[in-house]
Structure formats: structure tokens, C-alpha cells
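What follows is a short report on a single structure.
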Amino acid sequence: MVLDTFTRTTTAELKGLAISLMLFLHLFHGSDTITKYTSFCYIGHDTLTHILSSLCNPVYAFTFLSGYGLFIAYSSQGRLNVWERLNALYLKYWLSLIIFVFMGYCLGLGDKYPGSWLMVLENVTSWKTSYNGTIWFLFPYSVLLVASPKIFYFLNSIHRNWSYVAVFVLFVVCSMLLHWYGSFLISNHPLYVIEHIAELLIPFIIGMIFVRDIKYSVIKKKLYGQGTTVVVLLLFVFCFIGILIRDWPLGLFTPIYVLGLYIYISLINIPKYLSRVLCSLGKHSTSIWFIHAYYCWYFFPNEIYSLKYPIFIFLGLLGSSYVSALLLDFMFKGLFLKVFKLN
């Protein structure tokens with residue numbers, strides 16, 4: 001099967017972009033964060049930084065890229081070693097827990113790190129992630145990972161139009177449930193997990209469809225036939241649309257918008273220096289995901305926001321998380337994998 005889709009470099013760039021936007025989102029999306037930094041640009045009573053944070057939504061991007069990458073492997077090999085992938089993912093997660101739970105305990109947060117035995121069990125399994133709330137989608141994603149061969153087989157066995165219908169139905173149902181019954185779902189964790197699995201299945205399937213049905217090179221050729229000015233203007237149009245659809249009911253279209261934006265960015269020729277930065281961030285994106293909230297939410301928020309201006313706050317968190325991710329990945333590859341004999 002000949003695949004007409006992203007290059008490896010483009011995939012790494014998109015992962016790097018997604019993890020960067022995840023940090024930006026977690027720094028500036030909460031309404032309580034507006035008082036923690038100095039902004040020079042307001043739209044109404046809102047800061048431009050806060051508005052731009054609503055355009056990020058990196059979880060959909062990561063899940064899209066996962067569905068995309070896994071389907072490429074499935075199509076090329078005819079099978080997927082999902083358990084090996086799952087083992088590596090959780091071993092790295094557990095290593096991050098060992099390090100940062102110990103750090104939390106040393107910082108005098110022993111009531112939460114490690115907390116009760118039930119709390120330990122919930123976090124180790126990722127059923128609940130009270131140690132680090134940004135890891136909420138690890139368990140739902142793991143379910144999708146384990147089920148992915150069955151999902152791909154089923155969607156390949158039916159007419160492709162039905163896979164489009166499945167995405168649309170999931171999209172509408174999940175959006176309605178979250179809007180009208182969100183508080184009920186939050187208070188009933190098992191139901192909330194099921195909803196998350198269904199919700200993440202949407203970009204996961206779209207990632208598969210993108211590989212199977214979209215001629216990427218044709219789209220890129222047509223776009224660049226329009227000239228660089230049009231390319232840049234369209235990017236601004238995307239951002240403007242994202243601002244307009246932040247609230248209900250147009251907010252229903254946010255997942256589609258986010259995926260469209262990332263696909264569009266993949267069509268842009270990124271400067272080499274920026275590509276190298278994004279690729280390096282993408283290579284260590286999982287570790288940065290596991291780490292960053294400990295710095296900006298739990299252990300050192302005052303130090304992070306003391307940098308005052310959004311660009312410095314963002315770069316401070318990105319830099320500290322990246323260096324920590326390098327160390328975590330070094331420990332993971334150099335020690336943890338050998339201990340568990342996964343090298």
C-alpha cells in the first residue's frame with residue numbers, strides 16, 4: 001500500500017507544535033491566570049494571550065497524529081504490537097511519577113504526594129490523575145491504543161462513507177453530552193472516562209481517514225500554486241475563525257477546526273531552524289507532557305509566573321520542561337528499559 005501523507009519530519013514538527021501549544025494552553029487558558037501576567041493587548045475585557053490559548057486544544061492534535069501513525073504501521077505491517085507500545089508508554093509514565101511524587105513529598109506536599117494508597121493506585125493505573133491533571137487522557141488513549149487493530153480492521157471492512165458517518169455521529173453525540181450533561185459526567189468518573197474514549201475516538205479515526213483517503217501531495221501542490229501571500233493570509237483566517245467559534249453553539253466545531261489548522265500548518269514550508277526546534281520538541285513531547293504541569297501548576301507556579309510577560313513565562317516553562325524531559329528520557333533509555341528488559 002503506497003501512502004501519500006506526511007513525511008517523518010512533518011510529523012515530528014506537528015508533535016513539537018502540539019506540545020508547545022499544550023504548555024501555552026495550560027499557562028494561560030484559565031480565567032484565573034489573567035491576573036498572573038502583564039499583557040499589553042486586550043480585546044474587550046479579555047487579553048489576547050487568553051484568547052489565543054483557546055485556539056490550542058493539543059489533545060485532539062496528539063490523538064489525530066496517533067491514529068495517523070498507528071494506521072500507517074498497521075497498513076505497512078498488517079499488524080500492530082500494541083502491548084509493547086503500551087508498556088513503553090506506562091513505564092515512562094511510572095518513572096516520571098517516581099521522580100515527581102518524591103519531589104512533591106520533599107517539598108512538604110506529603111498529603112497529596114503520595115497521599116493515600118487509593119490515590120497511589122488510581123494514579124499508577126492513570127484511572128484518575130490527581131497527581132497531575134494534564135495526564136487525564138492517558139487512560140482513554142491507552143484504551144484506543146489497545147483497541148486500534150480492531151478499530152482499523154472494522155473501518156476498513158465497511159464502506160468508507162460509513163466511517164465518515166461514524167465520526168459525525170460521535171462528534172454530535174459527544175458535543176451534546178458535554179454541553180448539557182458535563183457536570184453530571186464529571187461527578188460520575190466511569191461515565192466520564194467512557195465519554196472521553198468516545199470523544200478521542202473522533203480525531204483518532206480522522207487520523208486514519210487522512211492516511212487512507214486524502215491525497216496529501218495533491219493538496220499541498222494546489223495550495224502552493226496560490227503563492228506565499230495567500231498561504232499566510234489563510235493562516236490568519238484560520239486564527240480568526242478559531243476566535244469566533246470559542247463559545248457555544250459554534251464551539252461544537254472546535255475539534256474540526258483544530259484538526260484543520262494542524263493539517264493546514266503541515267502544508268507550510270517551515271524554516272529549517274524552526275523545524276529543528278519543533279522536531280526536537282516533538283521527539284521528547286511525551287516526557288514534556290508528563291512533566292510540565294508539576295512546574296506551572298503544582299510545585300513552582302509562583303516562580304514560573306514571576307517572569308511577568310507571557311512570552312518569558314512560556315519560554316521559561318518550555319525550557320525547564322524540555323531540559324527535564326531530556327533527563328527523563330536519558331534515564332528511561334539508559335536505565336529503566338534495561339531493568340525491564342525492553343531494549
Side-chain angles (χ1 to χ4, degrees), residues 6 10-30 33 49-70 89 92-93 96 126 129 132-142 144-145 171 174-175 178 196-197 199-207 210 235 238-239 241-243 245-246 251 253-266 268 270 274 277-297 304 310 313-315 317-322 324-325:
F6 302 148
T10 300
T11 304
E13 290 170 349
L14 291 178
K15 286 182 178 180
L17 176 64
I19 196 62
S20 299
L21 294 183
M22 177 182 282
L23 269 61
F24 192 86
L25 174 74
H26 293 154
L27 281 169
F28 304 116
H29 190 58
T33 65
T49 302
H50 183 246
I51 291 172
L52 290 177
S53 71
S54 65
L55 306 182
C56 300
N57 208 324
V59 174
Y60 288 112
F62 276 120
T63 315
F64 164 79
L65 290 171
S66 178
Y68 151 88
L70 287 171
L89 179 64
K92 182 176 289 189
Y93 169 60
S96 72
S126 75
T129 55
N132 185 344
T134 64
I135 306 179
W136 64 266
F137 65 98
L138 177 59
F139 187 88
Y141 169 73
S142 300
L144 291 181
L145 174 60
F171 170 64
C174 289
S175 298
L178 282 175
H196 280 325
I197 294 170
E199 183 183 1
L200 294 183
L201 186 57
I202 299 168
F204 192 83
I205 294 176
I206 292 176
F210 186 81
L235 184 59
F238 259 107
C239 292
I241 292 173
I243 292 172
I245 67 171
R246 288 187 302 154
F253 298 99
T254 298
I256 305 302
Y257 159 78
V258 169
L259 297 178
L261 176 62
Y262 277 85
I263 292 171
Y264 178 74
I265 290 174
S266 76
I268 300 174
I270 298 175
L274 182 57
V277 171
L278 290 175
C279 285
S280 185
L281 290 171
K283 180 180 178 181
H284 301 284
S285 57
T286 301
S287 294
I288 295 174
W289 168 37
F290 288 160
I291 289 170
H292 73 277
Y294 289 112
Y295 294 144
C296 65
W297 283 7
I304 293 293
I313 293 170
F314 170 70
L315 291 177
L317 179 62
L318 184 64
S320 57
S321 299
Y322 177 73
S324 299

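All heavy atoms count here, side chains included; hydrogens, waters and symmetry mates do not.
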Mind checking ring pair (Phe, Tyr, Trp, His ring centres under 6.0 Å) for His284 and listing every partner two or more places apart, or none if nothing turns up?
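Checked His284 against ring pair (Phe, Tyr, Trp, His ring centres under 6.0 Å); matches are Tyr322.
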How would you list, by chain and number, every residue that makes a ring pair (Phe, Tyr, Trp, His ring centres under 6.0 Å) with Phe290, sequence neighbours excluded?
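Per chain and number, Phe290 pairs via ring pair (Phe, Tyr, Trp, His ring centres under 6.0 Å) with Tyr93.
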Residues which pass side chain to side chain contact (heavy atoms under 4.5 Å, CB included) with Thr63, listed by chain and number, not counting sequence neighbours:
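So Thr63 forms a side chain to side chain contact (heavy atoms under 4.5 Å, CB included) with Val59, Leu144, Leu200, Pro203, Phe204.
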For Ser266, what residues pass the side chain to side chain contact (heavy atoms under 4.5 Å, CB included) criterion, not counting sequence neighbours?
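Partners of Ser266 by the side chain to side chain contact (heavy atoms under 4.5 Å, CB included) criterion, ordered by chain and then number, come out as Phe6, Thr10, Leu14, Tyr216, Ile263.
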Please give me the minimum heavy-atom distance between Thr49 and Pro310, naming the atom from each residue.
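Smallest heavy-atom distance, with atoms named: OG1-CG, 3.6 Å.
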To check you understand the geometry: which heavy-atom pair defines the closest contact between Asn132 and Ala293, and what is its length?
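Smallest interatomic distance, heavy atoms only, reads OD1-CB, 3.2 Å.
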With sequence neighbours left out, write down each residue that passes side-chain hydrogen bond (donor to acceptor under 3.5 Å, both in side chains) with [X], or none if nothing qualifies.
{"X": "Tyr262", "result": "none"}
{"X": "Ser142", "result": "Tyr90"}
{"X": "Thr33", "result": "none"}
{"X": "Thr286", "result": "none"}

Heavy-atom distance under 4.5 Å between the side chains of Tyr60 and Glu199, does that happen here?
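In short, these two side chains touch, coming nearer than 4.5 Å.
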Answer whether the closest heavy-atom distance between the side chains of Leu281 and Lys15 falls below 4.5 Å.
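Sidechains of Lys15 and Leu281: no contact.
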Compute the centroid of each ring, for Phe137 and then for Trp289, and state whether the two points are separated by less than 6.0 Å.
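That pair passes the under 6.0 Å test.
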Check: Phe210 ring centroid to Phe64 ring centroid under 6.0 Å:
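Ring centres of Phe64 and Phe210 closer than 6.0 Å.
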What is the distance from atom CG of Leu318 to atom CD1 of Ile313, rounded to the nearest 0.5 Å?
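Taking CG in Leu318 and CD1 in Ile313, the distance rounds to 13.5 Å.
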Please check: side-chain N/O of Ser320 versus main-chain N/O of Leu317, any donor-acceptor pairing under 3.5 Å?
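The answer is yes, because a donor-acceptor pair under 3.5 Å joins these two groups.
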Is there a side chain to side chain donor-acceptor pair (under 3.5 Å) between Tyr295 and Ser324 once you walk through the steps?
CA-CA 10 Å; Tyr295 294 144; Ser324 299; 2.5 Å; yes
Can you give me every donor-acceptor pair (side chain of residues 17-29, partner residue at least two apart or in another chain, under 3.5 Å) with its distance?
unit_1: Ser20; atom_1: OG; unit_2: Gly16; atom_2: O; d: 2.8
unit_1: His26; atom_1: ND1; unit_2: Met22; atom_2: O; d: 3.4
unit_1: His26; atom_1: ND1; unit_2: His292; atom_2: NE2; d: 2.8
unit_1: His29; atom_1: ND1; unit_2: Ser53; atom_2: OG; d: 3.2

